[in-house]
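Ligands are counted one by one from 1 in listed order, and the atoms in each one are counted from 1 as well. Residues: numbered from 1 along the sequence shown.
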Amino acid sequence: MTYQSPISPGYSWYEDTVGERPEYAPLDGDVSTDVVIVGGGFTGLSAAVHLAKAGTNVVLIEAHRFGDGASGRNGGQLGTGQRAGAEELEAEYGFERAKALFDLAEEAKAHLLEFASVNGIDIDFRPGHLNVSHRKRDLPEYLEHAEAMRTRFNYPHITYMDAAETAERMGSTHYYGGVRDTGTGHIHPLKLVVGTARVAAEAGARLFERTKATGIATNGGKVTVTTATGTITAQKCLLAIDAYAGDLEQETASHIMPIGSFIGATVPLGDDSPVLPGGESVSDSRFVVRYFRRVKTGELLFGGREIYGVKDPNDIHIHIRRQFSEIYPELKDIRITHGWGGYVGITMPRKPFVREVMPNVISAGGYSGHGVMLSNFVGKLYAETVAGNRDRLKLFEELKIPAFPGGTRFRAPLLFLALNWYALRDRI
Ligand SMILES: Cc1cc2nc3c(=O)[nH]c(=O)nc-3n(C[C@H](O)[C@H](O)[C@H](O)COP(=O)(O)OP(=O)(O)OC[C@H]3O[C@@H](n4cnc5c(N)ncnc54)[C@H](O)[C@@H]3O)c2cc1C
């Protein structure tokens, strides 16, 4: 029978096309190690690779299977820079730090592609990204952004697109204009998860699936993580549980909020289809962002965040069809083969949450929809930190991330109201 993630809705196109997905046995008994990692998505697996390669003893436990959270099920778009725009970061933190954060993200992008290439992980990379506007009045901001990237952030790969160029590259006249980024692209995320786990195991990390942390305690500088089948005692701990944190650790839960996001895959569109002839990925300007791409084999993978609770995968088909038919009316009757979703960890200011939440316990997540390259890199920065250099992780640790108002009990209804208001503004 086909395995399906018990913590995220629907069976994904990625699960269907990933190829071999080796299983790792659950933990059985008590172990001690230098570092224990809780969570087997990009953040945790990448940290495991870099720690093990540096000769650190590392144990990683994942409650379900690697990639069952966001990392194996996302839109696969790498993006550029941080989720918060470079200009926004500059206004809050000044040019120097905004540039340092931008450069770090560029390094993250290069690192991801190099890591996959060096380790023989075929991640189905396709280059190019279009960011397009559904409102004419926002176009001057796009022009200014392309200019700022080129002249001040030393990133010449973003160019402005007028309505005609946008229509040509999109294969649709739905949008008014936008920017094209030739310095980024999109990938098959679950292939990266599977490959990263393999590299971590080969480097000597001890990896366990179906092993849920039920408690975490610190005592005399040691960290103890409890599971149903054994305890792990370590010098240090990385919590890489992001939107799936539950109530394991309160600081993480109060700063990172899970938001459902859903994707549908169509049958291959065929070589004569006008949709995205250049193979770029797309994100649009709606607050409830639509993100989509044509993968190498021709299928359209179309994502949109649905605030109004999706109950089962069949609902996903209905919402996704409505959304892509607005952009590509000719696809309104196309067959949708897969509908799935996952939970994006967002923070109040949409910037990553990286913090020492207990002595020797660092929690990392809240990449706010921009985690494909950042989470992998934060894993590497965590390994750097364990090796004694915390300077680069500090760039994230020093970001001001307030907790969500309303505590873990009332924040969801409060956020629901706020998000509905912004979603309404998309239509104004
Ligand atoms: C539908 C969707 C689309 C997205 N699209 C994009 C995109 O196009 N571009 C982009 O940059 N980002 C995107 N994101 C965000 C991106 O996927 C995440 O930022 C990134 O994968 C986070 O990785 P992570 O390892 O921190 O968390 P996750 O991959 O969510 O991993 C956390 C893991 O922790 C495990 N866990 C939780 N609690 C415990 C416990 N007690 N014990 C053991 N294990 C536990 C979970 O089972 C889970 O596997 C998207 C996310 C979703 C859901």
Fill in: Part of Thr43 with heavy atoms under 4.0 Å of ligand 1, whether side chain, backbone, both or neither
both

Worksheet item: Can you list the atoms of ligand 1 that are under 4.0 Å from a heavy atom of Val372?
Response: 9 (N), 10 (C), 11 (O), 12 (N)

Practice prompt. Could you tell me which atoms of ligand 1, counted from 1 in the order shown, lie closer than 4.0 angstrom to a heavy atom of Ile7?
Written response: 47 (O)

Discussion item. Is Gly365 close enough to touch ligand 1? Criterion: a residue heavy atom under 4.0 Å from a ligand atom.
Written reply: no

Worksheet item: Counting only heavy atoms, which portion of Ala240 has something under 4.0 Å from ligand 1: side chain, backbone, both, or neither?
Response: backbone

Worksheet item: Does Gly303 come within less than 4.0 Å of ligand 1, judged by its heavy atoms?
Response: no

Item to complete: Over 60° means perpendicular and under 30° means parallel, so classify the ring planes of Trp13 and His188, tilted if in between.
Response: tilted

Item to complete: Please work out whether any backbone atom (N, CA, C, O) or any side-chain heavy atom from C-beta onward of Val38 is under 4.0 Å from ligand 1, and answer side chain, backbone, both or neither.
Response: side chain

Worksheet item: Is there a nitrogen or oxygen of Tyr343 sitting under 3.5 Å from a nitrogen or oxygen of ligand 1?
Response: no

Worksheet item: Which atoms of ligand 1 have any heavy atom of Phe42 under 4.0 Å away?
Response: 21 (O), 25 (O)

Worksheet item: If you measure from each non-hydrogen atom of Thr211 to ligand 1, which part falls under 4.0 Å: side chain, backbone, both or neither?
Response: backbone

Discussion item. Please tell me whether Thr80 and Asp181 have a donor and an acceptor in their side chains that are separated by less than 3.5 angstrom.
Written reply: yes

